[in-house]
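Okay, structure first, notes after.
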Amino acid sequence: MNTKELINDAVSLPVEERVLVVDSLLRSLNKPESDIDKKWAVVAKQRLADLRSGSVQSIPGKEVFDRVWNRFEE
């Protein structure tokens, strides 16, 4: 099987399976560093808990990107 055939086969998979293929390929390029991953997982869980508790408010992505673009335009 050549690369083109492999890609064609992968594209025909259901979305969930394609996600698994992409994730596996990306992980093979960027080996996870368990120490760093564990630290990020702690941060992510804390941020989610903060959002759920209402102690912080989320900002819509469009607003965040508008702010960033405005800074570059100044």
Side-chain angles (χ1 to χ4, degrees):
M1 176 180 291
N2 64 35
T3 304
K4 187 174 181 176
E5 292 170 332
L6 180 61
I7 291 170
N8 287 336
D9 285 350
V11 170
S12 69
L13 293 170
V15 171
E16 295 84 7
E17 291 183 30
R18 282 185 281 166
V19 169
L20 291 173
V21 170
V22 169
D23 184 56
S24 296
L25 289 171
L26 288 174
R27 285 179 186 268
S28 75
L29 294 173
N30 302 308
K31 301 278 185 211
E33 296 184 33
S34 60
D35 258 4
I36 294 171
D37 292 343
K38 287 177 185 173
K39 290 176 182 178
W40 273 115
V42 169
V43 170
K45 287 178 183 177
Q46 183 58 52
R47 289 180 181 181
L48 181 59
D50 291 344
L51 279 170
R52 287 182 173 162
S53 73
S55 64
V56 297
Q57 295 291 319
S58 63
I59 301 171
K62 182 181 180 337
E63 185 178 330
V64 172
F65 286 110
D66 286 346
R67 288 181 188 179
V68 170
W69 283 114
N70 287 337
R71 283 187 184 173
F72 284 110
E73 290 173 353
E74 293 177 354

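Numbering of residues begins at 1 and proceeds along the displayed sequence.
Here the shortest heavy-atom pairing between Leu6 and Met1 reads CA-SD, 3.7 Å. Closest approach of Val56 to Leu51, counting heavy atoms only: CG2-N, 3.8 Å.
With salt bridges taken as basic N to acidic carboxylate O contacts below 4.0 Å, none links Lys39 and Asp35.
One finds the OG atom of Ser58 at 13.5 Å from the CZ atom of Arg47 (value rounded to the nearest 0.5 Å). In this structure, CG on Asp50 lies 14.5 Å from NZ on Lys45, to the nearest 0.5 angstrom. Atom CD in Glu5 sits 8.0 Å away from atom CG in Asn8 (nearest 0.5 Å).
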Taking only distance into account, with no hydrogens and no angle test, what donor-acceptor pairs under 3.5 Å do side-chain atoms of residues 11-18 form with protein atoms, sequence neighbours excluded?
residue	atom	partner	partner atom	Å
Ser12	OG	Asp9	O	2.7
Arg18	NE	Leu13	O	3.0

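Both Ile36 and Val43 are part of a single hydrophobic cluster, where members link through side-chain heavy atoms under 4.5 Å apart.
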